Amino acid sequence: FLPLFHKALDAPNPEDTKAGGFSNQAGNRIIHICTTLQRLIYEYVSRSLFKADRLMFGLHLVHTMCPKLFSDNEWEVFIGRIVATGESGDNGEYPSWAAPDRKAAFNLLQSTLPRVVQTMDLRGDNDAWLAWGRSSRCEQEFPARAAKNATAFQRLLFVQALRPDRLETAMALFVAEAINVQSVVGGSPNLANVYQQDTTPEQPILLIVTPGADPSQELEGLALKTIGSANCRQLAMGQGQSDVALANLREAAAAGQWLCLKNMHLATSWLPTLEKELVALKPLP
């Protein structure tokens, strides 16, 4: 965590650039550090997650680190912790442009969070809401009054109730805006970027792969461009390879070489020994 924190401290503040120097407002500086740290945490952790799981992680991260974005009971309604009791009947306000099968979800939202429905002002501009109900980008095309008065999460709740076909995209938009990232899903990690931006001689890189995926070729290509293929060692772990791995690790550290240990899942009981060795090593910078 400390490297991330130091990286957040060192991150340039756009407001400082505009002002031509460091901002004198401590509050703005702290806000910038906090938002940068949130983004860095998300980016670092999401690297180790499948793409399908990154959005869920992002939602829980925002809920935990940005509680001011959520009013009372909004999160509980969103995750289904508050359900219909059978007492929330039709009060005649269900919009005519909405799909009939979403009536129960709308009534639940109206009975548990009436302020959300009131903020949307469904009777204010029927034509705009009719267009919203048909839009292929409804999460970005709320009528002006709703976009201005409703919070980002309240708009997400409304999409969940009436336009579930756009819910995943709306969730991704909410998370991206909350933690200031361009994309929640992102792309596959690039070894060259990880090596240049986020590693030190004392900090190893753990590559978690799935069946059929093999980063060896990408690693070899990076090694060829960076230190030369002769300076990149590879060793497949297995029975009796622990001492060989330690010897290779010490030699590689002394010579400034890379060492790739494969099949680490076969040597999990040896990992504490490896960790102690890494702490004790004094690698060549």
Side-chain angles (χ1 to χ4, degrees), residues 14 31 35 38-39 42-43 46 51-63 65-84 88 90-187:
I31 291 173
T35 54
Q38 291 172 5
R39 176 178 55 81
Y42 175 78
E43 291 175 348
S46 64
K51 289 184 179 180
D53 299 325
R54 293 176 185 175
L55 177 56
M56 187 60 63
F57 166 68
L59 278 170
H60 284 283
L61 179 69
V62 172
H63 178 243
M65 302 188 70
C66 307
K68 292 183 179 180
L69 297 180
F70 307 85
S71 298
D72 293 343
N73 293 328
E74 289 183 352
W75 178 257
E76 287 72 18
V77 171
F78 179 73
I79 64 175
R81 188 172 294 169
I82 297 178
V83 297
S88 55
D90 184 6
N91 58 9
E93 295 187 8
Y94 188 66
S96 59
W97 46 264
D101 63 338
R102 303 309 304 168
K103 195 169 188 177
F106 177 82
N107 288 341
L108 172 63
L109 182 63
Q110 188 174 48
S111 62
T112 54
L113 300 170
R115 64 184 178 279
V116 174
V117 178
Q118 293 170 3
T119 301
M120 293 299 169
D121 190 25
L122 294 176
R123 297 179 178 179
D125 192 342
N126 192 65
D127 291 339
W129 279 113
L130 179 62
W132 182 87
R134 297 175 178 175
S135 174
S136 60
R137 299 174 55 196
C138 65
E139 69 283 351
Q140 301 181 46
E141 298 178 352
F142 273 87
R145 186 171 297 180
K148 178 181 178 181
N149 297 332
T151 67
F153 194 70
Q154 288 172 349
R155 294 195 295 271
L156 177 58
L157 284 168
F158 208 69
V159 171
Q160 182 188 41
L162 294 179
R163 290 294 307 272
D165 57 305
R166 299 297 300 171
L167 180 58
E168 183 175 349
T169 305
M171 290 190 297
L173 179 63
F174 170 74
V175 173
E177 291 179 350
I179 57 179
N180 193 29
V181 295
Q182 293 183 348
S183 173
V184 173
V185 176

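Computed over heavy atoms, backbone and side chain alike; hydrogens, waters and symmetry mates excluded. Treat the numbers as computed from the prediction; the structure is a model and nothing was measured. One is the number of the first residue; the rest follow in order along the sequence.
- Sequence neighbours left out, the pairs with a member in residues 126-136 that pass side-chain hydrogen bond (donor to acceptor under 3.5 Å, both in side chains) are Ser135-Glu141.
- Summarising the geometry of Val159 relative to Ala170, their closest heavy-atom pair is CG1-CB, 3.9 Å, with the distance given to 0.1 Å.
- In this structure, CG on Leu157 lies 9.5 Å from CG on Leu167, to the nearest 0.5 angstrom.
- In plain terms, the two heavy atoms of Thr112 and Leu108 that are nearest each other are OG1-O, 2.6 Å.
- A 4.5 Å side-chain heavy-atom check between Leu122 and Val117 finds at least one atom pair inside the cut-off.
- Shown here are the side-chain contact (heavy atoms from CB on, under 4.5 Å) partners of Ala144, two or more places apart in sequence or in another chain: there are none.
- Sorted by first and then second residue, the salt bridge (Lys or Arg N to Asp or Glu O under 4.0 Å) pairs with a member in residues 164-180 read Glu139-Arg166, Arg163-Asp165; sequence neighbours excluded.
- Here Glu43 pairs with Arg39, Leu40, Val181 under the side-chain contact (heavy atoms from CB on, under 4.5 Å) rule; sequence neighbours left out.
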Working for side-chain contact (heavy atoms from CB on, under 4.5 Å), residues Thr151 and Phe70
CA-CA 9 Å; Thr151 67; Phe70 307 85; over 6 Å; no
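- Counting heavy atoms from C-beta on, the side chains of Val184 and Tyr42 come closer than 4.5 Å.
- Atoms CZ and CZ, on Phe106 and Phe158 in that order, are 5.5 Å from each other to the nearest 0.5 Å.
- Within the 4.5 Å cutoff, the side chain of Trp97 has heavy atoms near those of the Leu130 side chain.
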Pair up each side-chain donor or acceptor in residues 72-82 with any protein partner under 3.5 Å, not counting sequence neighbours, and list the distances.
| from | atom 1 | to | atom 2 | distance (Å) |
| --- | --- | --- | --- | --- |
| Glu74 | OE1 | Ser71 | N | 3.1 |
| Glu74 | OE2 | Gln154 | NE2 | 3.0 |

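- Across Phe174 and Leu59, no two heavy atoms sit closer than the pair CD2-CD2, 4.0 Å.
- Rounding to the nearest 0.5 Å places CG of Leu162 at 5.5 Å from OH of Tyr94.
- Under the salt bridge (Lys or Arg N to Asp or Glu O under 4.0 Å) criterion, the residue pairs touching residues 143-160 are Asp121-Arg145, with sequence neighbours excluded.
- Ala99 is linked by a side-chain contact (heavy atoms from CB on, under 4.5 Å) to Asp101, Arg102, counting only residues two or more places apart in sequence or in another chain.
- Listed by chain and number, the residues in a side-chain contact (heavy atoms from CB on, under 4.5 Å) with Met56 are His60 (sequence neighbours excluded).
- For Arg137, the side-chain hydrogen bond (donor to acceptor under 3.5 Å, both in side chains) test picks out Gln140, with sequence neighbours left out.
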